[in-house]
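The residues of the chain are indexed from 1 along the displayed sequence. Small disclaimer: the values here were computed from a predicted structure and weren't measured. We count ligands from 1, going down the list as the structure has it; atoms in each ligand are counted the same way.
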Amino acid sequence: MNRNTILATLRAESTPWDFIIIGGGATGLGTAVDAASRGYKTLLLEQHDFAKGTSSRSTKLIHGGVRYLAQGNVVLVLEALRERGLLMRNAPHLVRHQAFVVPSYDWWEGPFYGIGMKVYDVLAGKLGLAPSRLLSREETLAQIPTLEPEGLRGGVIYYDGQFDDARLAITLAQTIFDLGGSASNYVKVISLLKANDLVGGVAAQDMETGETFELQARVVINATGAYADAIRRLDDSQVEPIIAPSQGVHLVLDKSFLPGDSAIMVPHTDDGRVLFVVPWHDRAIVGTTDTPINDLPIEPRALPEEIEFLLNHAGRYLTKDPTASEVKSIFAGIRPLVKASDKNETAALSRDHTILISKSGLLTITGGKWTTYRKMAEDTVNQAAILAGLDERPCITPTLRLHGWRDNVESEKSFNIYGIDWSAVRQLINENPIFAERLHENLPYTTAEVIWAIRHEMACTVEDILSRRTRALLLDAKASVAIAPKIAALMASELGHDEHWQKQQVADYGELARGYILV
Ligand SMILES: Cc1cc2nc3c(=O)[nH]c(=O)nc-3n(C[C@H](O)[C@H](O)[C@H](O)COP(=O)(O)OP(=O)(O)OC[C@H]3O[C@@H](n4cnc5c(N)ncnc54)[C@H](O)[C@@H]3O)c2cc1C
């Protein structure tokens, strides 16, 4: 993946793309992988970095959605469980098995959730993981030694998938290139090109240099998540919004709060929410909230009441109450929830995700979740091919191995996020032993991963490295600020930037990271 090569292609290209996809989150990246894998000429444009939006801010679960089961939405759960199974086969290096314990403090909870989880097992069918089972009080505490013992009767253990969201996004971007497609970060779509009232391309701007491009396409696909209405308004300024955004917040705690391998899942807090405490990269993630919001900042911030809810409820289920000063990082994301569709458009499909086609032919795909990105992409490309008048080609992504695929014998335990690329990352150290240097004692990363990200993963800023190529910002926001100057210096030397650039990058990163530090 080389950004300069892609920009040169954008300058030179005179024949239309089959599809231009706007948005480099789960939905857009998945759609571009699907389109490129069917041999369509595909370009994806992302205004910031890949996964800068909601797709790096999830709870990191590849799951059927126990909550949807409780709501009786069996079709949705079936679809998500199938997708969970397919992703585990197609990206075993990026998805691991995760045990969840539902603790029971009331007599009815054990049998009630026990039966629910059996239904979940059955729905997963052949793609199922290990079966769920009831746990005694002692077994529950053996799984989660830091679970609040007072009043505990037992629990239910079940299994789902866990992943690293931003790393899966980078893997999808790499897969697009492997398949002959193109994608660029830091290129923003600023307007839609129209001829005879039909959308026939986009005007886009390189956010690094300000250079603009006019790019033709048979179909433009709007995969901008919570920002979908802004693109729809470029098509029709009067269009009714379809997104009802809702914010979700997570806290990251030290692993000592959840020392074992199992996660806690509380299906129903006293105010009716689902609460997860999940081990992730040697930390514990606590989440989430569900707060309707009006604005759509690219860097959403937790509200005081959300922080209070998470700290209080983590304290309620853990033996040790976490305090604000023990929070390693706090991050928020915006759910692209879809409300009723506009009467002037065709609701081509409406499930968990929604596909809309405007009168002028703009295709919008939104809603859904990370787990179902592949199915969303399949549905989108099916619709887009018909809309473009292209020959219909079958979808091959159910069995398409993603970039770096490696049979991960450890997949039940750990991630191996680089897959087969890991030997090439290690090779950097062989060539230059100084790259083995650990960046910070509280972070698991070495210089080699940074150099790899600059050379092969299109990282352009210090934030790209610390937030999404590595997950330093989420694992320990303060430690990530401490190493920002070192990252800026490495990037400047690799990419040919001057001292002013380094200073600006460090200042920008410090400002951003402030929002992830609680006290
Ligand atoms: C708190 C929370 C927890 C979640 N947890 C889970 C989970 O555990 N498991 C799960 O399966 N799902 C989860 N989800 C859902 C999942 O994260 C989202 O459904 C998914 O990430 C949405 O991806 P997207 O690509 O549609 O949107 P986004 O990731 O927001 O991507 C849209 C992109 O479009 C870009 N863009 C916007 N305008 C332009 C423009 N003009 N030009 C170019 N680019 C543009 C944006 O910069 C952005 O990167 C969670 C969601 C939230 C909020």
Side-chain angles (χ1 to χ4, degrees), residues 20-32 43-65 67-68 80 83-84 87 95 98 160-166 168-169 172 183-192 202-207 220-234 243 245-250 263 265 274 276 278 280 285 287-291 293 296-300 302 306 310 331-338 352-354 364-377 380 468:
I20 291 180
I21 296 151
I22 316 173
T27 310
L29 290 163
T31 302
L43 172 67
L44 177 143
L45 301 173
E46 163 57 48
Q47 64 179 352
H48 288 279
D49 185 26
F50 302 119
K52 162 77 178 178
T54 306
S55 296
S56 57
R57 302 156 186 276
S58 76
T59 314
K60 331 293 185 204
L61 304 180
I62 295 297
H63 60 160
R67 180 165 43 128
Y68 303 116
E83 292 304 316
R84 181 188 75 174
L87 192 58
V95 188
Q98 176 64 57
D160 246 327
Q162 190 197 41
F163 75 131
D164 182 326
D165 47 12
L168 180 55
L172 289 172
S184 184
N185 51 3
Y186 297 102
V187 177
K188 177 177 181 163
V189 168
I190 47 177
S191 64
L192 299 176
V202 303
Q205 187 167 35
D206 177 357
M207 302 310 283
V220 174
I221 299 174
N222 171 16
T224 53
Y227 307 94
D229 287 330
I231 300 293
R232 291 172 68 242
R233 277 194 294 273
L234 294 179
I243 299 291
S246 147
Q247 171 169 296
V249 171
H250 298 88
M265 194 275 199
V274 179
F276 287 103
V278 192
W280 189 69
I285 295 188
T288 179
T289 55
D290 198 348
T291 312
I293 50 170
L296 293 171
I298 193 73
E299 276 296 331
E306 293 182 303
L310 292 176
F331 62 97
I334 303 174
R335 290 181 190 84
L337 299 181
V338 180
D352 187 27
H353 57 273
T354 299
T364 297
I365 163 76
T366 193
K369 55 182 182 166
W370 243 121
T371 307
T372 53
Y373 84 89
R374 194 212 60 80
K375 179 69 176 122
M376 293 168 72
T380 302
R468 291 170 295 274

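No donor-acceptor pair closer than 3.5 Å links the side chain of Asn185 to the backbone N or O of Phe50. Within the 3.5 Å criterion, the main-chain N or O of His63 finds no donor-acceptor partner in the side chain of Trp370.
The side-chain heavy atoms of His250 and Thr59, taken from C-beta on, include a pair separated by under 4.5 Å. Side-chain contact check for Asp165 versus Ser55: every heavy-atom pair is 4.5 Å or farther apart. Between Thr27 and Tyr373 there is no side-chain heavy-atom pair separated by less than 4.5 Å. At a threshold of 4.5 Å between non-hydrogen side-chain atoms, the residues Arg233 and Asp229 count as touching. Contact annotation: the side chain of Leu87 never approaches that of Arg374 to less than 4.5 Å [non-hydrogen atoms, C-beta and beyond]. In this structure the side chain of Leu45 never reaches within 4.5 angstrom of the side chain of Ile22, judged on heavy atoms. A 4.5 Å side-chain heavy-atom check between Arg335 and Asp290 finds at least one atom pair inside the cut-off. The shortest distance between side-chain heavy atoms of Thr291 and Glu306 falls below 4.5 Å.
Each of the following atoms of ligand 1 lies closer than 4.0 Å to a heavy atom of Thr288: 1 (C). For ligand 1 and Gly368, the ligand atoms under 4.0 Å from any heavy atom of the residue are 19 (O). Listed by number with element, the atoms of ligand 1 under 4.0 Å from a non-hydrogen atom of Leu45 are 43 (C), 44 (N). The atoms of ligand 1 that sit less than 4.0 Å from any heavy atom of Gly333 are 53 (C). For ligand 1, the atoms closer than 4.0 angstrom to any heavy atom of Gly248 are 1 (C). Near Gly53, meaning under 4.0 Å from one of its heavy atoms, ligand 1 places the atoms 29 (O), 30 (O), 49 (O). Ligand 1 places these atoms under 4.0 Å from at least one heavy atom of His250: 1 (C), 3 (C).
Not a single N or O atom of Lys52, backbone or side chain, sits closer than 3.5 Å to an N or O atom of ligand 1. Checked against a 3.5 angstrom limit, the closest N/O atoms of Ile22 and ligand 1 fall outside it. Remark: ligand 1 and Thr59 share an N or O pair separated by less than 3.5 Å (distance only, no angle test). At least one N or O atom of Thr371, backbone or side chain, sits closer than 3.5 Å to an N or O atom of ligand 1.
The protein atom (non-hydrogen) at minimum distance from atom 34 (O) of ligand 1 is Gly23 CA, 3.3 Å. For atom 33 (C) of ligand 1, the nearest protein heavy atom (residue, atom name, distance) is Glu46 OE1, 3.5 Å. Atom 53 (C) of ligand 1 has Arg335 CG, 3.3 Å as its closest protein atom, hydrogens excluded (heavy atom only). Looking only at heavy atoms of the protein, atom 27 (O) of ligand 1 is closest to Gly225 CA, 3.6 Å. Here the protein heavy atom with the shortest distance to atom 31 (O) of ligand 1 is Gly25 CA, 3.5 Å. Looking only at protein heavy atoms, the nearest one to atom 30 (O) of ligand 1 is Thr54 N, 3.1 Å. Of all protein heavy atoms, the one closest to atom 26 (O) of ligand 1 is Thr27 OG1, 2.7 Å. In this structure, atom 14 (N) of ligand 1 lies nearest to the protein heavy atom Ser58 CB, 4.1 Å.
For the side-chain contact (heavy atoms from CB on, under 4.5 Å) test with Val338, the passing option among Thr366, Asp352, Thr364 is Thr366; the others fail.
Between atom 42 (N) of ligand 1 and the options Val187, Val189, Leu29, Asp160, the minimum heavy-atom separation is to Val189. Within the set Phe163, Tyr186, Trp370, the minimum heavy-atom distance to atom 16 (C) of ligand 1 is found for Trp370. With atom 9 (N) of ligand 1 as the reference point, the heavy atom nearest to it among Leu61, Thr291, Ile21, Ile231 is part of Leu61. Nearest-heavy-atom check against atom 20 (C) of ligand 1 across Ser55, Ser56, Gly161 picks out Ser55. Of the listed options Gln47, Lys60, Gln247, His353, Gln47 places a heavy atom closest to atom 44 (N) of ligand 1.
Ionic pairing of Asp160 and Arg84 is present here: one or more N-O contacts between side-chain nitrogen and carboxylate oxygen are shorter than 4.0 angstrom.
For Ala226, the heavy-atom gap to ligand 1 stays at 4.0 angstrom or more.
With sequence neighbours excluded, the residues that form a side-chain contact (heavy atoms from CB on, under 4.5 Å) with Thr54 are Ile334.
Minimum interatomic distance between Ala302 and Ala332 (heavy atoms only, all atoms of both residues): N-CB, 4.3 Å.
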Notebook entry, point to check: Between Met207 and Glu46, is a side chain to side chain contact (heavy atoms under 4.5 Å, CB included) present by the stated rule, with each step listed?
Noted result: CA-CA 10 Å; Met207 302 310 283; Glu46 163 57 48; over 6 Å; no
